[in-house]
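Report on one structure; see the data block that follows.
Each residue takes its place number in the sequence, starting with 1. As a basis for the values below, the full set of heavy atoms in this structure was taken, side chains included, without hydrogen atoms, waters or symmetry mates. Quick caveat, the model's predicted, so the values are computed rather than measured.
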Amino acid sequence: MYLDIIVDIPNEPNKITYGSKSNVDYVYYEYSSIYDKKTKLTNPKRATIGKRLKENPLKMQPNHNRRKKDYIMIN
């Protein structure tokens, strides 16, 4: 469920990524990454924190994970 507010996309290098699905751009926050010794690759852990607006790509409509992201950053 997305909130009825519009906020700026966080400016955090290497933590914010974007993905497109069904003609909607989603904003993902990478909160952790785990190194796999077997494959020798890093597996990022990401959560969707909102939808990017088409009319202003620097803004997003957040969801409830946005609050979790703020909590992770504080602690």
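- Using a 4.5 Å heavy-atom threshold, the side chains of Tyr35 and Lys40 count as touching.
- Atom CG of Asn43 is surrounded by more than 12 heavy atoms from other residues, nucleotides or ligands within 6.0 Å.
- Across every non-hydrogen atom of Pro13 and Asn11, the tightest pair is CD-O, 3.9 Å.
- Smallest separation of non-hydrogen atoms from Pro62 and Ile5: CD-O, 3.3 Å.
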- [ ] Check the pair Asn56 / Ile6 against side-chain contact (heavy atoms from CB on, under 4.5 Å), numbers first and verdict last.
- [x] CA-CA 10 Å; Asn56 186 353; Ile6 304 300; over 6 Å; no
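- For Arg52 and Tyr18, the positive end sits near the middle of the six-membered ring, less than 6.0 Å away and at most 45° from its axis.
- Nearest heavy-atom pair, Tyr28 versus Arg46, reported as atom, atom and distance to 0.1 Å: CB-CD, 4.2 Å.
- Neither Leu58 nor Val7 shares a network with the other; the hydrophobic side chains, linked directly or stepwise wherever heavy atoms of I, L, V, M, F, W or Y lie under 4.5 Å apart, form separate groups for each.
- Nearest heavy-atom pair across Lys51 and Val24 is CD-CG1, 3.6 Å.
- The shortest distance between side-chain heavy atoms of Val27 and Ile9 falls below 4.5 Å.
- Judged by distance alone, with hydrogens and angles left aside, the side-chain atoms of Asp36 form no donor-acceptor pair with the main-chain N or O of Thr42 at under 3.5 Å.
- Within the model, atoms CD of Glu30 and CD1 of Ile49 stand 12.0 Å from one another, a figure rounded to the nearest 0.5 Å.
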Task: Verdict with supporting geometry, Tyr29 and Glu12, side-chain contact (heavy atoms from CB on, under 4.5 Å) - done: CA-CA 9 Å; Tyr29 176 74; Glu12 298 177 36; 3.3 Å; yes
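- The CG atom of Leu53 sits 9.5 Å away from the CE atom of Met60 when rounded to the nearest 0.5 Å.
- Counting heavy atoms of neighbouring residues, nucleotides and ligands inside a 6.0 Å radius, atom NZ of Lys54 exceeds 12 of them.
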